[in-house]
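Keep in mind that what you see is a predicted model, and the values were worked out from it rather than measured. Every chain is numbered from 1 and lettered A, B, ... according to where its sequence line falls, protein lines coming before strand lines.
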There are 2 protein chains.
Amino acid sequence: MNAMSPGPVTLQDVANEAGVSLATASRAFNGSTRKVRQDLKERVLLAAAKLNYAANGPAQAMARGRTNVVGLIVHDISDPYFAAIAAGVMRAAEDQHLLVTLGSTMRRPERELDYVQVLRGQRSRAVILAGSRVDDPELLSRLREECAAFERAGGRVVVISQQKLPLDTVVVENRSGARALAQRLASLGYQRFAILGGPTRLLTARDRVQGIRDGLAAAGLPAPVVLEGAFTRDGGHDAMRELLTSREGLDCVVAVNDVMAVGAMAACRDAGLHLPEDLALAGFDDIATLRDVHPKLTTVRLPLERMGETALELVTTGTEGEPHRTRRIRGEVLIRESTPLRPTR
Amino acid sequence: MNAMSPGPVTLQDVANEAGVSLATASRAFNGSTRKVRQDLKERVLLAAAKLNYAANGPAQAMARGRTNVVGLIVHDISDPYFAAIAAGVMRAAEDQHLLVTLGSTMRRPERELDYVQVLRGQRSRAVILAGSRVDDPELLSRLREECAAFERAGGRVVVISQQKLPLDTVVVENRSGARALAQRLASLGYQRFAILGGPTRLLTARDRVQGIRDGLAAAGLPAPVVLEGAFTRDGGHDAMRELLTSREGLDCVVAVNDVMAVGAMAACRDAGLHLPEDLALAGFDDIATLRDVHPKLTTVRLPLERMGETALELVTTGTEGEPHRTRRIRGEVLIRESTPLRPTR
DNA sequence: AGCATCTGGGAAGGCGCTTCCCGTGGGGTC
DNA sequence: GACCCCACGGGAAGCGCCTTCCCAGATGCT
């Protein structure tokens, strides 16, 4: 293609090819303050295409002092909750010509700190922390400091979950959603509830448990049994199995997310229970790939992709020095087959 | 923290703080060829920690001529198939202190080209192309050229799917897996098959369809009906609905992936069919979150996370100039409830 | 004709880091 | 004790690009 220079094509090569100066070639691409005559610009672009020029990202980053990369930190990318958020972030990022670097903490929240630091070093334009905050003041405080350092370095930080840090936040209204779900279930006639809760240190799990409690209390129902399990399919499965061996007379089990609910569903089947006749079951999130389980799962729909898009929108629209903004995301209760109207006794 | 310099902390700041030269500070971190006296090294590391120093990634990339970023390009990150591969890549990348930049083509294969080019500009150390190749010679040829450019620039390219390019490849043995599945199903007594195929231009879909055909033919069974649908839940759903309105006397339907199979399952239920009594159904992939659907789905297990890990291993272990390597991934047929032994008539 | 305005080009500076090269000091060898 | 070598610290070049300064030429306006 170009036999002259050895390594990758540089802007100088493009300028030579087009017969213009380096400065003009640069202006042809980024033309901000100065204008470049149309025909010259075309020549440059043509030369670039001919040489298959791709601007050196690190060099640009260095000269400009910032990149067009945003970091997305999730707990576990193979969890469909985060995969859906990631899809939303990706879609919005593409429109803005931003690249997304993915970090996965493998469900170890302390790893968020490392990622934020690494991304600061990378001069990422922003970091999106997707996923529940954790009840750990020490960790929270260190994270606050790390995020502050990130912002001092000129980046933005957006959180998707709880508003626990002085940052732009997409707040997921887990508690009110869970409360609404519980009230709807109560209105369907269910009375004796159990909750399959996630790890209590995860605020998302905790908020949902509390919301359900709120809703049941508001409906005048007794406090539910709460079991703690991992925030995964196996967590739901194991918690449900324990529940089935020890508890009797339950109406309705609410898992704090769909993945756990599906695990619980499997545990019920293993135990020979017939759903929903023998027991009603509900989840949370409305994970797309789980919408076809049978019986169809009552849940609270969260617009996961839109949450990702919203986070990226906060990244791109912020103005310097502005106080941190909040976007509230409400869940929508979806009553489906797994919680039919309960025949009155 | 340090009131002197305005912007982010630089290596010079650390060197000053530690009372050593810039060169020494740099060597304290990377000290490969050259050694630094132990006490000086500790002083530098201490100073770095004190100042909360994070090395400037772009600057390092520029000086070294390469980054520690690998790009992962998938068709759709919200598809659990790709999410699982991504999880494997992430895990392996973490061990190697590599960062992963995610590209999602939104199922438009031609966008792979753009991503490869962008990642070349970013001086990514490698690109992993996860996802089916496409039957489009023109596109394939352009992709070959773009990948060659990437490798000329010093990066590596690894493909997960079919061996269609002269690159390191994690070959998924879709055809033999599908063939084995079909033969097992035949041995269970099924005779009249239909296939819910994906888009024919996707080689993964095509290979699986062909494998099933092979297996049925080997078992002496008549050629199956094949319907084409999108490679998604809705694709499976719609294809199954069409199948149910037009075809009679089917034994067993095989969808070319689990997501489609679950969509098909829903369509069957909508039509009042009872699975597996009225119809057997099988999928492909063994997607983790879909293992609990009822009836449990017969499928071909693919070690998705391990495929991601293997791809990253190819990225890190390659030696210059070596001919491209191949890692074959075999599927494992899992017969489950959705295809019970068929009572002989 | 005189002046303001626009645009291209050359050149220099700087981003933060790695690494080559030089110089010095200490230890070993005969 | 002279010599050599090695180890290691420090100075400085250079990675590719963007930006800016300044000058030259062209154009348009009064």
Side-chain angles (χ1 to χ4, degrees), chain A residues 2 4-44 47-48 51 53-68 118 120-125 153-154, chain B residues 2 4-44 47-48 51-69 120-124 153-154:
Chain A
N2 74 324
M4 338 282 133
S5 67
V9 181
T10 79
L11 187 57
Q12 183 68 63
D13 296 332
V14 174
N16 293 151
E17 175 76 22
V20 301
S21 73
L22 184 62
T24 301
S26 175
R27 287 177 194 134
F29 287 109
N30 322 317
S32 45
T33 41
R34 295 279 300 263
K35 265 166 211 161
V36 175
R37 217 196 318 146
Q38 190 56 28
D39 61 325
L40 281 190
K41 188 166 185 167
E42 280 165 12
R43 280 231 306 273
V44 172
L51 299 179
Y53 169 70
N56 186 316
Q60 284 187 324
M62 180 136 207
R64 299 208 251 244
R66 66 179 207 174
T67 61
N68 56 342
V118 169
R120 170 160 62 92
Q122 296 296 317
R123 296 296 180 274
S124 291
R125 186 175 297 201
Chain B
N2 73 326
M4 340 281 131
S5 67
V9 181
T10 76
L11 187 58
Q12 183 68 64
D13 297 331
V14 174
N16 294 152
E17 175 75 22
V20 301
S21 75
L22 184 60
T24 301
S26 173
R27 290 196 275 252
F29 287 108
N30 322 318
S32 45
T33 42
R34 290 284 302 264
K35 264 166 212 161
V36 175
R37 219 196 316 149
Q38 190 56 26
D39 61 326
L40 283 189
K41 186 168 185 168
E42 280 165 13
R43 283 231 305 273
V44 171
L51 299 179
N52 195 11
Y53 169 70
N56 185 316
Q60 286 187 319
M62 180 138 193
R64 298 208 252 243
R66 63 179 210 177
T67 60
N68 57 341
V69 172
R120 171 160 60 91
Q122 297 297 317
R123 297 294 182 273
S124 292

Closest listed nucleotide, where the reference is the side chain of B:Ser21 and the choices are D:dG10, C:dG14, C:dG16: D:dG10

Minimum heavy-atom separation for B:Gln60 and B:Ala55, please, with both atom names. NE2-CB, 3.6 Å

Separation of D:dT19 P from A:Met62 CE (nearest whole Å): 14 Å

Give a yes or no answer on whether the side chain of B:Arg123 reaches the backbone of B:Arg66 with a donor-acceptor pair at less than 3.5 Å. no

Between B:Leu22 and A:Leu22, whichever has its closest DNA chain D nucleotide further toward 5' is B:Leu22

Against the side chain of A:Ala23, the closest entry in C:dG8, D:dT20, D:dG11 is D:dT20

Between C:dT19, C:dG16, D:dC18, which one does the side chain of A:Leu11 approach most closely? D:dC18

Any donor-acceptor pair under 3.5 Å from A:Thr67 side chain to A:Ala61 backbone: no

Which whole-number value in Å describes the distance from B:Arg66 CZ to C:dT18 P? 13 Å

Selection from C:dC17, D:dG16, C:dT7 that lies nearest to any side-chain heavy atom of A:Arg37: C:dT7

Atom-pair distance (CG on B:Asp13; P on C:dG16), nearest Å: 9 Å

Can you see if the side chain of A:Asn56 gets near the phosphate of D:dC15 - specifically, an N or O under 4.0 Å from OP1 or OP2? no

A:Asn68 CG to D:dC18 P: how many Å, rounded? 12 Å

How far apart are the closest heavy atoms of B:Leu11 and B:Phe29, and which atoms are they? CD1-CE1, 3.7 Å

Atom CD of B:Gln12 and atom P of C:dC15 are separated, to the nearest Å, by 11 Å

Checking the side chain of B:Asn30 only, and the main-chain atoms of B:Arg27 only, is there a donor and an acceptor separated by less than 3.5 Å? no

Let me see the working for B:Thr10 and B:Asn56 under side-chain contact (heavy atoms from CB on, under 4.5 Å), right down to the final yes or no. CA-CA 8 Å; B:Thr10 76; B:Asn56 185 316; over 6 Å; no

Apply the test side-chain contact (heavy atoms from CB on, under 4.5 Å) to residues A:Leu40 and A:Arg37: give CA-CA distance (whole Å), side-chain angles for both, the deciding distance (0.1 Å), then the verdict. CA-CA 5 Å; A:Leu40 281 190; A:Arg37 217 196 318 146; 4.1 Å; yes

Can you measure A:Phe29 atom CZ to D:dG16 atom P for me and round it to whole angstrom units? 16 Å

What N/O pairs connect the protein and nucleotides 21-26 of chain C at under 3.5 Å? Give each pair on its own line.
unit_1: C:dC21; atom_1: N4; unit_2: B:Arg34; atom_2: NH1; d: 3.0

Rounded to whole angstrom units, what separation is found between the CG atom of A:Asp39 and the P atom of C:dT7? 12 Å

What does B:Ala55 touch in the nucleic acid at a heavy-atom separation under 4.0 angstrom: a base, only the sugar-phosphate, or nothing? sugar-phosphate

Does the side chain of B:Ser26 get closer than 4.0 angstrom to OP1 or OP2 of C:dT19 through an N or O atom? no

Taking only side-chain nitrogens and oxygens of A:Thr24, does any of them come within less than 4.0 Å of OP1 or OP2 of C:dG8? no

Using atom NZ of A:Lys41 as one end and atom C1' of C:dG9 as the other, report the distance to the nearest whole Å. 18 Å

Counting side-chain heavy atoms from C-beta on, which of C:dG9, C:dT18, D:dC18 comes nearest to B:Gln60? C:dT18

Heavy atoms only: give me the nearest B:Val44-B:Val20 pair and the separation to one decimal. CG2-CG2, 3.8 Å

Does the side chain of A:Tyr53 get closer than 4.0 angstrom to OP1 or OP2 of D:dC17 through an N or O atom? yes

Both A:Arg64 and B:Gly19 contact DNA chain D. Which one's nearest nucleotide lies toward the 5' end? B:Gly19

